[in-house]
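Chain naming here is simple, since letters A, B, ... match the order of the sequence lines and numbering starts at 1 in each.
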Amino acid sequence: TAGNKIFHFGACRVSMSTTEIRAGFTAIKANIQARDPIRTLSILSYPHSLHKVKSPDRCCITHHLFDFYVDKVFKHCKTEDSFVNRKISSIANSFLSMKRKLGQCQEQNQCLCGQESTEKLKQILANYEGLNVTSAAMKSLGELDILLDWME
Amino acid sequence: SGELYCSLLNPRNVRFESVNMKNVLHWSAPEGTGNEVLYKVKYSVYGVGKWIRKPECKNINRTWCDLSSETSDYEEQYYASVKAFLNGMFSDWVETTRFNPLTDTKIDPPMVSVSSTDKSISITLTAPEKWKRSPEEESISLLQVYPGLQYNVSVLNKKTKKRWFFSISNHTLVVPWLEPGTAYCVSAQIHVSAPLLDSDFSKEHCIATLKDK
């Protein structure tokens with residue numbers, strides 16, 4: 001795919017492209033973030049920025065965050081705007097293919113979860129469950145650039 | 001007795017303008033007003049509760065406010081907000097969209113320096129530095145901020161108008177097998193693939209290869 005890059009998540013090495021996701025997100029970023037009025041909470045970066053997580057088990061966090069977005073976010077992000085909806089489903093499809101690739105690392109035990117990532121994932125889920133589903137999903141979608149910035 | 005409620009129209013087009021992570025808040029005056037209007041500014045870190053006032057931008061009549069210092073952590077995202085007031089009347093607070101310094105900044109072209117022999121030219125490229133509070137502060141190259149940063153280099157033979165393009169990751173390039181005694185012009189651009197950021201091309205730097213011995 002255009003813009004494929006080797007991502008190193010500890011022992012796990014995966015060739016993926018985030019270019020399409022980036023382009024899709026940039027196209028709907030203002031629209032999606034405008035639907036999120038809550039400034040005081042971040043799903044991915046509360047209380048500490050996702051960037052502060054430098055642990056070797058980045059693969060575990062990335063893999064579980066792909067699951068999180070596929071299972072809990074995209075399906076609750078329907079809007080009245082068909083352009084936005086199309087972009088969301090294209091991003092979701094890209095996530096599915098990245099999730100499959102990362103799954104291979106998990107099968108080879110290269111995606112183990114340490115304490116830091118387990119706690120971070122628990123915090124993310126707690127942040128998510130602290131809001132109603134639609135608000136939590138829309139806020140998570142609006143934070144996609146935080147995930148991409150951290151991955152890259 | 002009814003309270004006289006006077007409101008001023010809102011500032012317009014409130015947004016961050018950012019170059020090399022020098023992040024400046026800009027806005028336009030409320031419609032139909034000029035520089036008699038005063039403003040105050042506040043900002044907040046996304047995901048953190050409170051709004052923070054910017055004292056240096058209180059009661060100002062200019063329509064910009066440098067928030068580079070307050071938004072220098074590019075692993076965070078920010079909002080800023082402006083309120084206008086005049087003769088006891090005041091507008092609403094008007095917010096920016098969410099500002100991500102990493103993806104929402106514009107990058108300047110690289111610095112280009114060239115030297116030549118009779119059959120080659122050597123090009124050295126320098127990425128711009130991230131904005132810093134003071135000259136004494138340690139410089140951070142945008143190369144450190146964007147590890148995947150690359151340079152697109154254009155080399156033009158002024159005589160034949162033939163142009164080559166190179167895409168390189170390191171900061172030096174030697175172009176061999178050139179014609180002696182010929183002028184070549186070099187221009188370069190910065191390309192970051194993730195997030196997608198491209199600078200403009202630099203102005204051309206021309207140099208002539210030495211004449212044949």
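- The local environment of CE in M89(B) is crowded, with over 12 non-hydrogen atoms from other residues, nucleotides or ligands closer than 6.0 Å.
- No more than 12 heavy-atom neighbours from other residues, nucleotides or ligands sit within 6.0 angstrom of CD on Q115(A).
- Using a 4.5 Å heavy-atom cutoff, the side chains of K29(A) and N100(B) are in contact.
- Within residues 61-76 of chain B, the residues having any heavy atom under 4.5 Å from a heavy atom of chain A are, by residue number, D73(B), E75(B), E76(B).
- Of residues 122-152 of chain A, those residues with a non-hydrogen atom less than 4.5 Å from any non-hydrogen atom of chain B are, in numerical order, K139(A), G142(A), E143(A), D145(A), I146(A), D149(A), E152(A).
- In terms of heavy-atom pairs under 4.5 Å with chain B, the best-connected choice from I43(A), D36(A), L50(A) is D36(A).
- Counting non-hydrogen atoms of other residues, nucleotides and ligands closer than 6.0 Å to NE2 of H171(B) gives a total of 12 or fewer.
- Every residue meeting the side-chain hydrogen bond (donor to acceptor under 3.5 Å, both in side chains) condition with S139(B), not counting sequence neighbours, appears here in chain and number order: E129(B), K132(B).
- Environment of CZ in F201(B): crowded, with over 12 heavy atoms of neighbouring residues, nucleotides or ligands closer than 6.0 Å.
- For chain B, the nearby part of R22(A) is the side chain; its heavy atoms alone come within less than 4.5 Å.
- For NZ of K99(A), the number of neighbouring non-hydrogen atoms (other residues, nucleotides, ligands) closer than 6.0 Å is greater than 12.
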- Item | R98(B)/R39(A) under side chain to side chain contact (heavy atoms under 4.5 Å, CB included): CA gap, chis, key distance, verdict | CA-CA 9 Å; R98(B) 195 179 305 171; R39(A) 303 283 189 271; 5.8 Å; no
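- Taking a 6.0 Å sphere around NE2 of H8(A), one finds it holds more than 12 heavy atoms contributed by other residues, nucleotides or ligands.
- If you take OH on Y79(B) and CD on Q33(A), they are separated by 5.5 Å, rounding to the nearest 0.5 Å.
- More than 12 non-hydrogen atoms from other residues, nucleotides or ligands lie less than 6.0 angstrom from NZ of K106(B).
- Against chain A, the residues from residues 10-46 of chain B that qualify, each with a non-hydrogen atom under 4.5 angstrom away, are V45(B), Y46(B) in number order.
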